[in-house]
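In what follows, a structure is listed as structure tokens, so that the remarks can point back to it.
Keep in mind that what you see is a predicted model, and the values were worked out from it rather than measured. As the structure lists them, so they are numbered: ligands from 1, and atoms in each ligand from 1.
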Amino acid sequence: MNPKIDNLLTETRRFSPSEAFAANAIAGRDLYERAETDRLEFWAEQSRELLDWEKPFTRVLDWTNPPFAKWFEDGTLNVAYNCLDRHVEAGNGDRVALHWEGEPGDSRSLTYAELTTEVKRLSNVLIDLGIRAGDRVAIYLPMIPEAIMAMLAVARLGAIHSVVFGGFSADSLRSRIDDASAKLVITADGGYRKGKVSALKPAVDAALAPRGELGVQETVKNVLVVKRGENTVDWTEGRDLWWHDVVPAASPEHTPEAFPSENPLFILYTSGTTGSPKGILHTSGGYLTQAAFTHKNIFDIHPETDVYWCTADIGWITGHTYVTYGPLANGTTQVIYEGTPDAPHPGRWWEIIEKYGVSIFYTAPTAIRSFMKLGRKIPKKFDLSSLRLLGSVGEPINPEAWMWFRKVIGGKLAPIVDTWWQTETGAIMISALPGLTETKPGSAQVAVPGISIEVLGDSGSAVESGSGGLLVVSEPWPSMLRGIWGDPERFKETYWEKFGDKYFAGDGARLDEDGDIWLLGRVDDVMNVSGHRLSTAEIESALVAHPYTAEAAVVGASDETTGQAVVAFVIIKESQLEEAGGAAHISDALRAHVAAQIGAIARPREVFVVNELPKTRSGKIMRRLLRDVAEGREVGDTTTLADTSVMRIISDRVSAN
Ligand code: WTA
């Protein structure tokens, strides 16, 4: 057994919530009991309680055509109305929805009434631009309030948004715009990152201009641009519009229309095991039900008093579910921050917590580890006593980081919820309930009420306590993905082929003696770098698109801060060797190339130039062996290699670097 896993499973520390926390907690044990008694009725109850349905549903789940689920199918609702107008109608219009903090230190707070009005105006602008239910709108924005307004205005019209993370390149943006045939792009001139303006509009211009074999982009009719960075941008008359010219001038009246529960809400692209990202499709009623339910119960939301902050960017699923939809459906006051954690100083996040009195803080292990490295002196300078609950997401949190988070940030008192979920699951699936569960550092613990999780062996039978296997979701759930945009076959193959009508998540997991779940990372060729998914195939295909490269193999090697890091092994074309001019130069050029092709998050930590790659007799690259080298371990079993001497040569090459 992997020694690291052994250590994890002997973790004996346990932490119960304080009596005061438990006494005021939103979620009680009855949730588990009700879900156990009648799972579907439980979700129906939650949905009726948490959302306003224009036409109530009478059917809960249709699973007659797996894996295509329909939840609350005959009900109708408007998602944006549920996140905005109804809170104003209920008399909470003056409650702050967003405390926005810009990186340079400018800030802006918007109440529910103000946010609702802005979204209504924007909806009218979108209507004028010809956006109708079912149309796709790409959103490529920094973390500014307009990003959330854009998502909600698109949703309000029953149209479909596709948010593309602002760190992705023009190429990545183009392929996502094309795949969804987007009609409109909403962007900004730029946004602030690390003390500088990081331009966005030029990437949109480049994405829409003729690109190589792709030619001119034909579906996008308009580009709506927020002025944020004050950087000069090129302008295409007739196509481009400034937000500040059209939105304030639009009518603040807009009556929302109700759409069927299964009306698509958004597409979000994520990396899979092949070179092309897949457009994960989510729909309305089921998604919003589970987003609101998990947000309220796992984060113990008391909307009158709590100030909640999730540090995720809206470009990722966490930003969709736990910045936009969950918190706003629950009428929460939240903080959003534009910039990086270290700008202009390394205490920026803690300063923001102090400034707004943040009580619930949801972030990623990679961030926690990078703060750990800087030391506790920095957070100690700030008053963090408002924090009463902490959350973690994106990758396994090692017990050391968990303990640091608890002690240094949570003042030894705040419970920590380690939440496991995926772009595909739409909302949290495994987590403690903070007022009930005795938490264990490093374990995500138990399925959320109403969710059925199993750990299976390869043959499909459940593993015993104390053993490892593959994580599956064994019953359909409200916020499950409804498919991959434009590719139903890939949807079936990727998630459903292995275990029939049970969803295969791609993660390995172990059950401990108490039945608690420990996540062990991906079992496929997907890496997790700083909580962001990247596929080895996607980066390999970017590498071989460079004129230097003949062949490439990419692995995710464990990294102290980012969880995993991208490490590439490349064979350079004989004809290019001279021109390429040395390994250091090649490495720099290829690292920059990957960043330009995909985005900076995909930039390899290291690129090793080698003469051979380890392959089986059938030509399959054995990444396992390369991972051994990249992690500085003794290389494992090489007997299935076509040429067993290859690994020695590669190891020598790498250690000489
Ligand atoms: C990993 C992010 C361990 C996992 C919400 C999953 C986690 C992938 C956890 C999904 C966690 C997420 N513990 N691993 N608490 N949360 N993961 O789609 O490998 O960006 O499959 O969704 O992140 O990444 P995605």
Side-chain angles (χ1 to χ4, degrees), residues 4-5 8 163 165 167-168 266-273 277-282 287 290-291 294-295 298 310-323 325-326 362-369 390-399 401-402 405 416-432 439-448 453 455 468 470-473 479-481 484 494-495 503-510 516-535 538 556 558 562-564 601-602:
K4 265 205 259 174
I5 298 167
L8 282 179
V163 181
F165 174 58
F168 278 125
F266 65 84
I267 304 167
L268 183 60
Y269 288 84
T270 188
S271 296
T273 50
K278 42 196 182 188
I280 302 299
L281 176 68
H282 283 285
Y287 170 80
Q290 197 174 328
T294 50
H295 180 255
I298 293 168
C310 165
T311 62
D313 188 281
I314 50 141
W316 312 110
I317 190 68
T318 308
H320 282 59
T321 309
Y322 298 106
V323 176
Y325 292 109
Y362 188 30
T363 191
T366 187
I368 299 166
R369 286 191 296 265
L390 305 174
S392 170
V393 62
E395 53 179 310
I397 174 164
N398 46 310
W402 197 101
F405 199 27
I416 298 178
V417 285
D418 175 5
T419 62
W420 179 90
W421 59 297
Q422 306 177 297
T423 305
E424 291 87 342
T425 69
I428 296 170
M429 305 293 276
I430 301 176
S431 170
T439 52
K440 296 179 182 175
S443 168
Q445 298 196 293
V446 289
V448 165
I453 300 280
V455 181
L470 302 172
L471 189 77
V472 303
V473 188
S479 64
M480 68 195 285
L481 75 167
I484 294 176
T494 311
Y495 307 105
Y503 169 87
F504 171 48
D507 279 31
R510 256 173 186 278
D516 280 327
I517 301 165
W518 297 74
L519 277 310
L520 304 177
R522 304 286 309 188
V523 296
D524 52 16
D525 291 328
V526 175
M527 294 170 285
N528 190 330
V529 179
S530 299
H532 301 312
R533 276 162 67 173
L534 295 166
S535 86
E538 200 178 350
S558 63
T562 60
Q564 285 189 307
I601 45 165

**OP:** Provide, to 0.1 Å, the distance between atom 18 (O) of ligand 1 and the closest protein heavy atom, together with that atom's residue and name.
**Re:**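 Here the nearest protein heavy atom works out to Thr423 OG1, 2.6 Å.
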**OP:** Name the closest protein heavy atom to atom 4 (C) of ligand 1, giving the residue it belongs to and the distance to 0.1 Å.
**Re:**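 The closest heavy atom on the protein side is Asp507 OD2, 2.8 Å.
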Original post:
Could you go step by step and tell me if Thr318 and Tyr362 meet the side-chain hydrogen bond (donor to acceptor under 3.5 Å, both in side chains) rule?
Top reply: CA-CA 10 Å; Thr318 308; Tyr362 188 30; 5.4 Å; no
Original post:
Going by atom types only, do Thr294 and Tyr322 share a side-chain donor-acceptor pair under 3.5 Å?
Top reply: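 Side-chain D/A pair, Thr294 to Tyr322: present.
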Original post:
Any side-chain donor-acceptor pair under 3.5 Å between Tyr269 and Thr423?
Top reply: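 Side chains of Tyr269 and Thr423: no pair found under 3.5 Å.
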[X]: numbered ligand 1 atoms lying under 4.0 Å from its heavy atoms:
| X | value |
| --- | --- |
| Asn528 | 1 (C), 23 (O) |
| Thr419 | 9 (C), 11 (C), 15 (N), 16 (N) |
| Thr318 | 5 (C) |
| Pro396 | 3 (C), 13 (N), 14 (N) |
| Val393 | 5 (C) |

4.0 Å heavy-atom contact, [X] with ligand 1:
| X | result |
| --- | --- |
| Gly394 | yes |
| Trp421 | yes |
| Gly506 | no |

Original post:
With side chains defined as the heavy atoms from C-beta onward, is the minimum distance between Thr270 and Ile317 less than 4.5 Å?
Top reply: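 SC-SC contact between Thr270 and Ile317 ruled out.
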Original post:
Does Ser392, backbone or side chain, put an N or O under 3.5 Å from an N or O of ligand 1?
Top reply: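 Such a contact does not occur with ligand 1.
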